[in-house]
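Every number for a ligand or one of its atoms is a count from 1 in the order of the listing.
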Amino acid sequence: MGFVPKKAKAFGGNMNDLVRITKDNDVAIITIDNPPVNALSPGVPEGIWAAIDEMNRDAAIKAAVVIGGGRTFVAGADIKEFSKMTSGASPRRSLLPLLLHIEDSPKPVVMAIHGNAFGGGLELAMAGHYRVASPLAQVGQPEVKLGIIPGAGGTQRLPRLVGVAKAVEMCAEGKPVSAREAAMLGLIDQLIEVDLLTGAVAFAREVADRPAPKTRERSEELATAAENSPIFTAARDATGKKQRGMKAPLAAIDAVEAATRLSFEEGCQTEAKLFTECLFSDQSKALIHVFFGEREVAKIPDVPKDTPVIPVNRVAVVGSGTMGGGIAMVFANAGIPVLLKDVDKTALEIGMSKIGKNYANSVQRGRFTQAFVDERLRLITPVSTYDAFDGVDMVVEAVFEGMALKKTVFAELDRACRRRAILASNTSTLNIDEIAGATSRSEAVIGTHFFSPANVMRLLEIVRGKKSSKEVIATCMQLSKKLGKIGVLVGNCRGFAGNRMFGPYRREAQFLVEEGADVERVDHALVEFGCAMGPLATGDLAGLDVGWRIRKEYRHLDKPGIRQPFAEDRLCELGRYGQKTLKGWYRYDENRRASADPEVIALVRKWSADAGIPQRQISADEIVDRCVYALVNEGARILEEGYALRAVDIDIIYLNGYGFPAYRGGPMWHADTVGLPKVYQRICEFHQQHGELWAPAPLLRRLVEAGKTFAEFDKEQAAAA
Ligand code: 3HC
Ligand code: NAI
């Protein structure tokens, strides 16, 4: 077993409950039965090994079919096992020996794929002699999304089947391919349109007497070094842009390159080394946290899974502006008919025309077909009255931000809609309970805070009002999935979770400029940290006037004697609203390309001098610490006050709504990774230097005193629930 990486444990097989073997005359059927997704958890590889041995021992059997029980083939290695391996709680285990064992089987093994063959699942399939699949199946090597690379020969067998370019793409980008595409690529030998098992058994019988081809012995797709070199260069280049800062995609490319230069055995050794380096990296730990976090946020302790939901078959959106138009598209994309209402006829026309343009762009970029778009557009009906509102199950209000207007609209909706209809507000700052008070059905009122552009951004903050019913919460959580969004339940505080944290984050960015840092330097430091955009450029994109108007409305709540940033308000007073006025923190050309604006820096320097703010050189580290720890400190307060259920919920909000780098796991996970004592100490320093705004959150202090992390806080909360 030269392929077993050092220290990894090889396994022999024992049949068990996770793998069954049955017979269809001369074909053995090996069924993997490890719900929900047939992950290769301990016991599964042993079971497959034993089943292969058993069918080879049985003289009456000519071939085997390996199939997944339930809804899928095999979704990969058991991701829960990785943290046990890196912490030393479980021995390291490699699937490589099992895959060689299958490939060396003298009798052909046919892998029958439905659902997904992902990661170790596809690696298992490639070790079979043949692969058949249902047309709706998907296959892929998504490991990079977990910060690792295929670790069971995937980077070595895949290029031998699909060629180097496609293997690089699949391993470095992690996107799945459909069974139909896989069949065209030579990864799937036959698509089975009818019953998969019946078709697979017939296929196995057909190939039983042929010599069983071994993927690892194939080389015709590997091409020459001269042909491959530009593929690797282009892939590395693309990775640097599309997956900026991530290490695993580069490691995946290196591993595929090894397949083209080394023997299969040496290639596997290179892959194993790269896999291990990735597995033990902070990036992988963070991305695995994100994988489970995205699933965890769907779990609401007091809203059990079996809470009844209200079927949402028809909806209405009120307000056809930036958000309303995008939200209407989100529903239409999910096949749900939408009424789109606006008081202003021209605004409605503009809204519908923007929707049309957005769809036309999607067709141009190849995201949607024209037929799909025509169908979606037919689902959106512009209206100017509430006449048809008694037929909808849910309304999302997206009119101008203002309490008086929202209350008027909700009172109208209360009268226009049927009793069980959900009334949701897309408000980004206003009190949901106060809005609910304008209706006779507070239990049906909830916040659904979409992010801009609504048809693109994945995050949906679902804001629980004091009286929002469990049924309404469960419906919105479930609906978010149907809409392709990631729904996170938050409490009703000013700014909810995301924007409440974004305030201190952007406040610090402004302070830094007021203290002497250049605008681009601040943004650049955060981009280098991994954020999609810097905080000041983000302000320009969203419109500086939005925050300015809100600040003016809430100015009476500012505590006297506490420093407030002034630069952005003054820029707004000068009409510099950001991209929309082609001037904000930056200057923009007609294509909205940004360049530094010396006028801004001169103005800020003057304003700072007038305010007596000493100017100094500020390091990139301080910029990142000030901005990111402002998020962490406010996040800890939100958590303690119960406006977010778990630290991981805050992480998922930041990754999906605010461009925080996924490979850092979100602000709270990042703080755990840095070490809470270190973060706390830095916050205490800022508190001393900058005063009250930096008072450390009590929860953070308590966790540090107890030697705990936010992740441990989440576990304790879950155990107590
Ligand atoms: N290991 C452990 N648990 C897994 C898992 C895995 N590979 N895949 C899914 N699960 C769990 C989920 O956490 C979830 O648990 P929960 O119900 O307790 O929250 C449950 O299975 C159902 O998963 P989903 O909610 O995601 O179900 P969907 O039907 O929406 O999606 C899926 C199914 C497309 C298979 C999706 O779960 C998925 O993408 N899974 C991960 C696939 C993956 O990344 N595979 C590679 C693993 S690494 C590897 O194989 C390394 C190898 O090269 C050695
Ligand atoms: P917008 O100004 O683009 O559009 C508002 C629309 O509401 C206008 O078309 C207006 O004619 C219409 N309207 C006003 N009164 C109405 C009434 N009584 N009945 C029907 N329509 C009416 O505003 P935008 O940006 O779309 O914001 C809408 C809501 O979404 C606000 O509550 C805002 O806080 C929130 N939000 C905005 C985000 C953004 O980035 N723009 C992000 C997340 C939430």
Side-chain angles (χ1 to χ4, degrees), residues 34-41 71-82 93-96 99 115-124 138 140-155 171 174 176 271-272 275 278-279 284 287-288 291-299 305 317-327 340-348 350-351 354 383-384 386 396-402 405-406 408-409 412-413 425-430 447-454 457 459 461 481 496 498-499 541-543 546 549-550 657:
N34 183 24
V37 295
N38 295 324
L40 296 164
S41 319
R71 58 169 150 143
T72 188
F73 184 67
V74 170
D78 185 337
I79 302 168
K80 286 193 286 298
E81 289 298 305
F82 292 145
R93 300 152 51 85
S94 167
L95 291 168
L96 286 167
L99 304 192
N116 311 110
F118 283 168
L122 179 55
E123 290 171 306
L124 171 71
Q138 290 199 313
Q141 300 284 178
E143 287 89 341
V144 285
K145 294 188 180 159
L146 300 171
I148 54 175
I149 66 165
T155 61
C171 294
E271 181 195 81
F275 173 83
C278 289
L279 183 65
S284 169
L287 287 162
I288 289 173
F291 176 83
F292 287 115
E294 288 195 346
R295 284 144 185 91
E296 190 67 18
V297 294
K299 295 166 192 161
K305 238 180 166 182
V317 174
V318 184
S320 65
T322 312
M323 294 307 290
I327 296 167
L340 180 59
K341 178 181 185 303
D342 206 290
V343 271
D344 182 336
K345 217 171 149 228
T346 318
L348 191 56
I350 295 173
K354 273 198 187 149
V383 294
S384 51
Y386 286 118
V396 179
E397 164 280 312
V399 302
F400 300 132
E401 189 78 338
L405 176 62
K406 301 269 184 198
T408 307
V409 170
E412 289 166 359
L413 290 172
S425 174
N426 188 52
T427 176
S428 39
T429 52
L430 300 174
T448 49
H449 183 210
F450 289 83
F451 284 68
S452 181
M457 297 297 284
L459 178 62
E461 271 187 329
K481 204 165 179 188
F496 315 127
N499 282 348
L541 178 68
V546 178
R549 284 183 223 287
I550 294 169

### Side-chain touch E123/E143, heavy atoms, less than 4.5 angstrom
yes
### Query
So which protein heavy atom does atom 45 (N) of ligand 1 come closest to, and at what separation?
A75 O, 2.8 Å
### Shortest protein heavy-atom distance from atom 29 (C) of ligand 2, along with the residue and atom involved
V399 O, 3.3 Å
### Query
Which ligand 2 atoms does K406 reach within 4.0 Å, using its non-hydrogen atoms?
31 (C), 32 (O)
### Task
Indicate yes or no: does an N/O atom of T322 lie under 3.5 Å from an N/O atom of ligand 2?
yes
### Query
Can you tell me the protein heavy atom closest to atom 26 (O) of ligand 1 and the distance?
R295 NE, 2.7 Å
### Message
Below 3.5 Å, N or O to N or O, backbone or side chain included: is there any such pair between H449 and ligand 2?
### Response
no
### Message
Using a 4.0 Å cutoff against the non-hydrogen atoms of G321, which atoms of ligand 2 qualify?
### Response
3 (O), 4 (O), 6 (C), 9 (O), 26 (O)
### Message
Suppose we measure from atom 30 (O) of ligand 1 to each protein heavy atom; which comes out shortest, and what is that distance?
### Response
K481 NZ, 3.8 Å
### Summary
Taking only non-hydrogen atoms of S452 and a 4.0 Å limit, the atoms of ligand 2 in range are 40 (O)
### Message
Counting only heavy atoms, tell me which of V37, L95, N34 gets closest to atom 8 (N) of ligand 1.
### Response
V37
### Query
With only distance considered, is M323 within less than 3.5 Å of ligand 2 through an N or O on each side?
yes
### Summary
the protein heavy atom lying closest to atom 2 (O) of ligand 2 turns out to be F400 CE2, 3.2 Å
### Query
Hey, looking at atom 6 (C) of ligand 1, which of I79, L40, N38 has the closest heavy atom?
I79
### Message
Please tell me whether E401 and T429 have a donor and an acceptor in their side chains that are separated by less than 3.5 angstrom.
### Response
yes
### Query
What do you reckon, does A398 put a non-hydrogen atom under 4.0 Å from ligand 2?
yes
## Note on the structure
Quick note on ligand 1: atoms under 4.0 Å from a heavy atom of E143 include exactly 48 (S), 49 (C), 50 (O), 51 (C), 52 (C), 53 (O)
## Note on the structure
Under 4.0 Å between heavy atoms, the region of L405 that gets near ligand 2 turns out to be side chain
### Message
At under 4.0 Å between heavy atoms, is it the side chain or the backbone of E296 that contacts ligand 1, or both, or neither?
### Response
neither
### Task
Answer with side chain, backbone, both or neither: which part of Q141 has a heavy atom less than 4.0 angstrom from an atom of ligand 1?
neither
### Task
May I ask you to list the atoms of ligand 2 that are less than 4.0 angstrom from any heavy atom of V409?
18 (N)
### Task
Give a yes/no verdict on a cation-pi contact between K145 and F291, requiring under 6.0 Å between NZ or CZ and the six-membered ring centre and an angle within 45° of the axis.
no
### Task
For ligand 2, find out whether one of its N or O atoms is nearer than 3.5 Å to an N or O atom of D342.
yes
## Note on the structure
re atom 33 (C) of ligand 2, the protein heavy-atom contact at minimum distance is E401 OE1, 3.7 Å
### Task
Report the part of K299 in contact with ligand 1, treating N, CA, C, O as backbone and CB onward as side chain, heavy atoms under 4.0 Å; options are side chain, backbone, both, neither.
side chain
### Query
Is the closest heavy atom of F451 to ligand 2 under 4.0 Å?
no
### Query
Which atoms of ligand 2 sit under 4.0 Å from any heavy atom of N426?
30 (O), 35 (C), 36 (N), 44 (C)
## Note on the structure
T427 heavy atoms within 4.0 Å reach ligand 2 at atoms 32 (O)
### Task
Could you tell me whether F82 approaches ligand 1 through its side chain, its backbone, both or neither, with non-hydrogen atoms closer than 4.0 Å?
side chain
### Validation row: T322, S452 side chains within 4.5 angstrom (heavy atoms)
yes
### Query
Which residue supplies the protein heavy atom nearest to atom 43 (C) of ligand 2, what is that atom called, and how far is it?
F450 O, 3.2 Å
### Query
For ligand 1, which atoms have a heavy atom of P150 less than 4.0 angstrom away?
53 (O)
### Close-contact set for ligand 1 against G119 heavy atoms, below 4.0 Å
46 (C), 50 (O)
### Task
Taking the side chain as every heavy atom from C-beta outward, state whether P176 and F118 have any pair of such atoms under 4.5 Å apart.
yes
### Message
Within the 3.5 Å criterion, strictly below it, is a donor on S41 or N34 matched to an acceptor on the partner's side chain?
### Response
yes
#### Entry: Of the listed options F73, F275, F118, closest to atom 39 (O) of ligand 1 (non-hydrogen atoms)
F118
### Task
Answer yes or no: is there a side-chain heavy-atom contact under 4.5 Å between L95 and L124?
no
### Task
Return yes or no for this condition: an N or O of G120 is under 3.5 Å from an N or O of ligand 1.
yes
### Summary
Logged contact type for D78 with ligand 1, heavy-atom cut-off 4.0 Å, is both
## Note on the structure
Closest to atom 21 (O) of ligand 1 among protein heavy atoms sits P36 CG, 3.4 Å
### Query
Which residue holds the protein heavy atom closest to atom 22 (C) of ligand 1, what is that atom called, and what is the gap in Å?
R71 NH2, 3.8 Å
### Min N/O separation F291 to ligand 1 under 3.5 Å
no
### Message
Return the closest protein heavy atom for atom 3 (N) of ligand 1 as residue, atom name and distance.
### Response
K80 NZ, 4.0 Å
### Per-atom contacts of ligand 2 with A347, taking only distances under 4.0 Å to non-hydrogen atoms
9 (O), 11 (O)
#### Entry: Protein contact to atom 34 (C) of ligand 1 [nearest heavy atom, distance to 0.1 Å]
N116 OD1, 3.6 Å
### Query
Is any heavy atom of the protein nearer than 4.0 Å to atom 23 (O) of ligand 2?
no
### Message
Quick check on E412 - does any of its heavy atoms sit under 4.0 Å from an atom of ligand 2?
### Response
no
### Query
Quick one: are D78 and L40 in side-chain contact, heavy atoms under 4.5 Å?
no
#### Entry: Numbering as shown, the atoms of ligand 2 that approach V318 to under 4.0 Å (heavy-atom distance)
19 (N), 20 (C)
### Query
Measuring to protein heavy atoms, does anything land under 4.0 Å from atom 11 (C) of ligand 1?
no
### Query
N/O of A77 under 3.5 Å from N/O of ligand 1, yes or no?
yes
### Message
Suppose we measure from atom 52 (C) of ligand 1 to each protein heavy atom; which comes out shortest, and what is that distance?
### Response
E123 OE1, 3.3 Å
## Note on the structure
Checking heavy atoms under 4.0 Å, the part of P142 that sits near ligand 1 is side chain
### Message
For atom 16 (C) of ligand 2, what is the closest protein heavy atom, and at what distance to 0.1 Å?
### Response
V343 CG2, 3.3 Å
